[in-house]
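Report on one structure; see the data block that follows.
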Amino acid sequence: MAKVTISEITCKGCGLCVSVCPKKIIALDKGRLNAKGYHPAQVIDIEKCIACAMCAMMCPDSAIKVEK
């Protein structure tokens with residue numbers, strides 16, 4: 001199973017990871033703000049993750065780590 005770690009401190013809620021995820025399992029958490037005032041990204045269904053790491057490659061702040 002894949003493990004996706006998103007650094008809430010680093011994430012600026014740009015949504016690039018959301019747009020490139022082929023399984024559409026990443027979303028911005030509209031119910032929370034991080035310390036910088038952004039809605040952080042979160043994985044909403046890790047069971048569907050294929051560990052392609054597209055989210056990590058697209059993240060301009062290297063806030064995402066994907067492990068198999």
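Just the heavy atoms: all of them, side chains too, but no hydrogens, waters or symmetry mates, feed the values below. We count residues from 1, following the sequence as given.
- With hydrogens and angles disregarded, no donor-acceptor distance shorter than 3.5 Å links the side chain of Asn34 to the backbone of Lys12.
- By the criterion of side-chain heavy atoms lying less than 4.5 angstrom apart, applied directly or through intervening Ile, Leu, Val, Met, Phe, Trp or Tyr residues, Met54 is not grouped with Ile25; the two fall into different hydrophobic clusters.
- Rounding to the nearest 0.5 angstrom, the gap separating the NZ atom in Lys65 from the SG atom in Cys55 is 13.0 Å.
- One finds the NZ atom of Lys36 at 6.0 Å from the OG1 atom of Thr10 (value rounded to the nearest 0.5 Å).
- Between the side chain of Ser19 and the main chain of Leu16, a donor-acceptor pair closer than 3.5 Å is present.
- Residues Gln42 and Glu8 form no side-chain contact, since every pair of their non-hydrogen atoms from C-beta on lies 4.5 Å or further apart.
- Linking ILVMFWY side-chain heavy atoms closer than 4.5 Å, directly or via other members, places Ile46 and Ile64 in a single hydrophobic cluster.
- A donor-acceptor pair under 3.5 Å is formed between the side chain of Asp29 and the backbone N or O of Gly31.
- Linking ILVMFWY residues whenever their side-chain heavy atoms come closer than 4.5 Å, directly or via other members, leaves Leu28 and Met58 in distinct clusters.
- The minimum heavy-atom distance between Ile26 and Ala41, with the atom names listed, is CG2-CB, 4.0 Å.
- Taking SG from Cys49 and NZ from Lys68, the interatomic distance works out to 9.5 Å, rounded to the nearest 0.5 Å.
- Closest heavy-atom contact between His39 and Lys30: CE1-O, 3.3 Å.
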